[in-house]
Amino acid sequence: MEASIGVFDSGVGGLTVAREIIRQLPSENVIYFGDTARVPYGSKSKQTVLKYSKQIVRFLNTKNVKAIVIACNTASALALDEIAAESKIPVIGVVRPGARMAVECTETKNIGVIATDATIKSGIYTDYIRSLDKEVTVVGKACPLFVPLVEEGLLEDRITDDMVDRYLSEIKAYNVDALVLGCTHYPLLANPIKRYMGNKVTLVNPAYETAKELKTLLRENNMLNINNTPKYEFYVSDGIDKFKSFADKVLPVNVTAVNVVDIESY
Ligand code: DGL
């Protein structure tokens, strides 16, 4: 059997990226690690996120993965460059694919980015978008309460609508026509966000673009699996039951086994 794709996130959010990988690369084996014991990363320092990410990469490498997807915007923002520079296998993140798509979508040249505090503070989306098109204005907004709302399953709820209004009113005032959902949890709030922003605003889900980029990368390097019955493995640092019930709602496949890893030992 061909080597797997390693996918990791600070917790369950990266399952929205795994879902796209499973859909677009149906012959690939996937090993997913969710750092459920140490989530959230979005409020932590670069040093801490880098340390955690390196431990996870060491764990995934023990599984002989052939490529790694950092399915977490915060870890992509704060750790991707260093990890990719040290890695013998290809490593991609979710920020650049999402930013590229937003630049392709915008006509008004006003792009909104919503993400965790750490991702917004890193300025990575703004820098990368403006390196692609200097005429674009980027409005960023951290929406920290979206993550717990998703984790509590409040995808359609009055409280969620209130928070969407509160966080996005500023962005709406900028006449953006593309809004990057720059945090793995936010695609699960696409409905309330779309309702609030209106039909003229394209919601950019970096997960979709990341899976596309992964496919191109594997094809170009002759690493693509063809006609393989895929195998999916799930690992977490804590809370198997909560992870499993979330994964069953998000993924198009049955999550049969989830294992706990002592990630601090890597
Ligand atoms: N996975 C994180 C991200 O995409 C969101 C959750 C967290 O703060 O760890 O930025």
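Remember, it's 1-based here, ligands and their atoms both numbered in the order they're listed.
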Discussion item. Could you check whether N205 and Y186, counting side-chain N and O atoms only, form a donor-acceptor pair closer than 3.5 Å?
Written reply: no
Worksheet item: Could you go step by step and tell me if D35 and S10 meet the side chain to side chain donor-acceptor pair (under 3.5 Å) rule?
Response: CA-CA 5 Å; D35 200 357; S10 54; over 6 Å; no
Worksheet entry | For atom 8 (O) of ligand 1, closest protein heavy-atom neighbour | G42 N, 2.8 Å
Fill in: Heavy-atom pair of closest approach, residues K194 and V201
NZ-O, 2.8 Å
Practice prompt. Starting from atom 5 (C) of ligand 1, locate the nearest protein heavy atom and write down its residue, its atom name and how far away it is, to 0.1 Å.
Written response: C183 SG, 3.4 Å
Worksheet, complete the sentence: With heavy atoms and a 4.0 Å threshold, my read on which part of N73 contacts ligand 1 is both
Item to complete: Please report the C-alpha distance between S122 and T119 in whole Å, then the side-chain angles of each, then the deciding distance to 0.1 Å, and finally whether the side chain to side chain donor-acceptor pair (under 3.5 Å) criterion is met.
Response: CA-CA 5 Å; S122 77; T119 302; 5.7 Å; no
Practice prompt. Heavy-atom contacts with Y41 under 4.0 Å: which atoms of ligand 1 show up? List them by number with element.
Written response: 7 (C), 8 (O), 9 (O)
Worksheet item: Can you list the ligand 1 atoms lying under 4.0 Å from a non-hydrogen atom of V39?
Response: 9 (O)
Fill in: Heavy-atom neighbours of Y266 OH exceed 12 at 6.0 Å
yes
Item to complete: Output the list of atoms in ligand 1 that are nearer than 4.0 Å to some heavy atom of D9, sorted by atom number.
Response: 1 (N)
Response to the item:
When distances are taken from atom 6 (C) of ligand 1, the protein heavy atom at minimum range is S10 OG, 3.6 Å
Worksheet item: Are E20 and K212 close enough for a salt bridge, meaning some N to O gap below 4.0 Å?
Response: no
Item to complete: Determine, for K66 against E28, whether the closest basic-nitrogen to carboxylate-oxygen distance falls under 4.0 angstrom.
Response: yes
Worksheet item: Tell me: protein heavy atom nearest atom 10 (O) of ligand 1, and distance?
Response: T74 OG1, 2.6 Å
Fill in: From F243, F8, F246, Y232, residue fulfilling ring-ring contact (aromatic ring centres under 6.0 Å, His included) relative to Y32
F243
Fill in: Close-contact set for ligand 1 against P40 heavy atoms, below 4.0 Å
7 (C), 8 (O), 9 (O)
Discussion item. Using a 4.0 Å cutoff against the non-hydrogen atoms of T116, which atoms of ligand 1 qualify?
Written reply: 5 (C), 8 (O), 10 (O)
Worksheet item: Do any nitrogen or oxygen atoms of T119 lie less than 3.5 angstrom from nitrogen or oxygen atoms of ligand 1?
Response: no
